[in-house]
Amino acid sequence: MPRPQVPREVLYVQKLHYLTFLCSGALLIAIAAGVIYGLRSSLITALTALSLAYLATMKKKTFIAPNTATVIQRISRSFSNRNLPSHTVAVAATQLYYLLGDHTRAESLLKSYLAADEPLVYTTLADIYLHQGRVTDALACLEPVRKMEHPLVQWTYGRVLLRQKDYRTALKHLEKAKKYAGSAGLPRAGTGFLNEIFMKWSVKSSLLHSMALCYHKLGEQRQASKCLRRGNLYLLDLSLWRIRLVEEPHFARQAK
């Protein structure tokens, strides 16, 4: 079963983990060079190795998926245990969809947790619908929670409206997402300290870039440029910077 393309936000988190791994190795090599050849050699080695690590991260476009059997085993536990936290269910459904390409089971798993009224379950399901081009289903999924003062709910709802080219309404929800994220912060998903930080940067960048596109479409170029630049600042990987305001490729395909 073919796997869907990994979202840009997730790709960025993967890249940051990859960069962290490479930088750790680079520093160990630099320390070893310092012990053997002295401080100057250590600094030169560190600079060279860190530069190579950054360039390798920029070039990296795909990542090896986890062992399929391991993923299936972890997800099977999610199906058998109905008392799991919502973030665990959302992660399991994401793996089902993006790693295995099994949208049927991913959708079934998330739908079985809708009664828990957890925002993360709604936004994950809506995001899957959005990447499948099922915009109407994504809107219907978010309808029960769309007025919730929750940054991920408002961010996801704004992205759905952006797909429908309702730029003014989309911008209102994206601005709400920015406001709620600024006051209360983004909710923790319980996936580890470093991963939480990386995901926060990724979501904020995506949020600001979506706002930039809305401003651009509404003719407010000064605000668009400001949001574009601010969104880029959250991206350490220059290969993911937005230089021009263009719609996402899957968005453009749907618009045809």
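As the structure is a computational prediction, the values presented were derived from the model and not from experiment. Counting begins at 1 with the first residue of the sequence.
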Worksheet item: Are Asn195 and His17 close enough, and set up right, to give a side-chain contact (heavy atoms from CB on, under 4.5 Å), and what steps lead you there?
Response: CA-CA 8 Å; Asn195 197 67; His17 281 295; 2.9 Å; yes
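- In this structure, Tyr234 contributes its side chain and Ser206 its backbone to no donor-acceptor pair below 3.5 Å.
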Discussion item. Applying side-chain contact (heavy atoms from CB on, under 4.5 Å) to Leu125 and Lys111, what does each step give before you reach the verdict?
Written reply: CA-CA 8 Å; Leu125 181 58; Lys111 280 184 173 181; 4.1 Å; yes
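- Taken from CG in Leu28 to SG in Cys23, the straight-line distance is 11.0 Å, to the nearest 0.5 Å.
- Minimum interatomic distance between Leu162 and Ala170 (heavy atoms only, all atoms of both residues): N-CB, 3.7 Å.
- Tyr180 has its side chain within reach of Gln154: a pair of non-hydrogen atoms, C-beta onward, lies under 4.5 Å apart.
- Leu27 is not connected to Leu16 by any chain of hydrophobic side-chain contacts under 4.5 Å among Ile, Leu, Val, Met, Phe, Trp and Tyr, and they are in different clusters.
- Under the side-chain hydrogen bond (donor to acceptor under 3.5 Å, both in side chains) criterion, Glu143 pairs with Arg146, not counting sequence neighbours.
- For the residue pair Tyr98 / His131, a side-chain donor-acceptor distance below 3.5 Å is found, with atom types taken as modelled.
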Worksheet item: Are His173 and Lys178 close enough, and set up right, to give a side-chain contact (heavy atoms from CB on, under 4.5 Å), and what steps lead you there?
Response: CA-CA 9 Å; His173 287 277; Lys178 183 172 177 290; over 6 Å; no
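- Put simply, the side chain of Tyr54 never gets that close to the backbone of Leu19: no donor and acceptor are under 3.5 Å apart.
- Looking only at side-chain heavy atoms (C-beta outward), Gln164 and Leu139 come within less than 4.5 Å of each other.
- Counting heavy atoms of neighbouring residues, nucleotides and ligands inside a 6.0 Å radius, atom NZ of Lys61 exceeds 12 of them.
- Judged by distance alone, with hydrogens and angles left aside, the side-chain atoms of Ser202 form no donor-acceptor pair with the main-chain N or O of Phe198 at under 3.5 Å.
- By the 4.5 Å heavy-atom criterion applied to side chains, Glu9 and Met199 are counted as neighbours.
- Hydrophobic cluster membership differs between Leu39 and Leu50, with clusters built from Ile, Leu, Val, Met, Phe, Trp and Tyr side chains linked at under 4.5 angstrom.
- In this structure, the side chain of Lys15 engages the main chain of Lys60 through a donor-acceptor pair within 3.5 Å.
- In this structure the side chain of Trp155 reaches within 4.5 angstrom of the side chain of Val203, judged on heavy atoms.
- Here the side chain of Ser205 pairs a donor or acceptor atom with the backbone of Gly231 at under 3.5 angstrom.
- Transitive grouping of hydrophobic side chains (ILVMFWY, heavy atoms separated by less than 4.5 Å) keeps Leu47 and Leu55 in distinct clusters.
- Salt-bridge formation is not detected for the pair Lys179/Glu175: no Lys NZ or Arg NE/NH1/NH2 atom is positioned less than 4.0 Å from an Asp or Glu carboxylate oxygen.
- To the nearest 0.5 Å, atom CZ of residue Arg229 and atom CG of residue Asn232 are 9.5 Å apart.
- Put simply, the side chain of Tyr157 does not reach to within 4.5 Å of the side chain of Leu174, judged on heavy atoms.
- In this structure, OG1 on Thr57 lies 11.5 Å from CG on Leu238, to the nearest 0.5 angstrom.
- We find that Glu107 and Arg134 are joined by a salt bridge, their nearest charged nitrogen and carboxylate oxygen being less than 4.0 Å apart.
- Looking at every heavy atom in both residues, Ala138 comes nearest to Ala126 through CB-O, 3.7 Å.
- Taking 4.5 Å as the limit, every side-chain heavy atom of Ser42 sits out of range of all side-chain heavy atoms of Tyr37.
- Here the NE2-OG1 distance, from His150 to Thr156, works out to 9.5 Å after rounding to the nearest 0.5 Å.
- Residues Gln132 and Asp137 fail the side-chain proximity criterion, which asks for heavy atoms closer than 4.5 Å.
- Following chains of ILVMFWY side-chain contacts shorter than 4.5 Å, one can reach Phe193 starting from Val13, so the two form part of one hydrophobic cluster.
- In terms of heavy-atom proximity, Leu114 sits nearest to Tyr122 at O-OH, 3.2 Å.
- Between Leu161 and Tyr167 the shortest side-chain heavy-atom distance does not fall below 4.5 Å.
- For the residue pair Ala177 and Pro151, the shortest heavy atom distance occurs at CB-O, 3.4 Å.
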Worksheet item: Stepwise, does the side-chain contact (heavy atoms from CB on, under 4.5 Å) test hold for Gln14 with Val10?
Response: CA-CA 6 Å; Gln14 291 175 328; Val10 176; 4.3 Å; yes
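- Note that OG1 of Thr45 and CD1 of Ile29 are 8.5 Å apart. Values are rounded to the nearest 0.5 Å.
- In summary, the side chains of Thr169 and Asp166 do present a donor paired with an acceptor at a separation below 3.5 Å, with no hydrogens or angles considered.
- Residues Tyr18 and Ala56 come closest through the heavy atom pair CE2-O, 4.0 Å.
- Closest non-hydrogen pair, Arg163 versus Leu130, comes out as NH2-O, 2.8 Å.
- Distance alone, capped at 3.5 Å, places no donor-acceptor pair between the Ser225 side chain and the Arg222 backbone.
- One N or O on the side chain of Trp241 and one on the backbone of Leu235 form a donor-acceptor pair closer than 3.5 Å.
- Hydrophobic clustering (ILVMFWY, side-chain heavy atoms < 4.5 Å, transitive): Leu240 and Leu233 are in distinct clusters.
- Taking CG from Leu208 and CG from Leu228, the interatomic distance works out to 9.5 Å, rounded to the nearest 0.5 Å.
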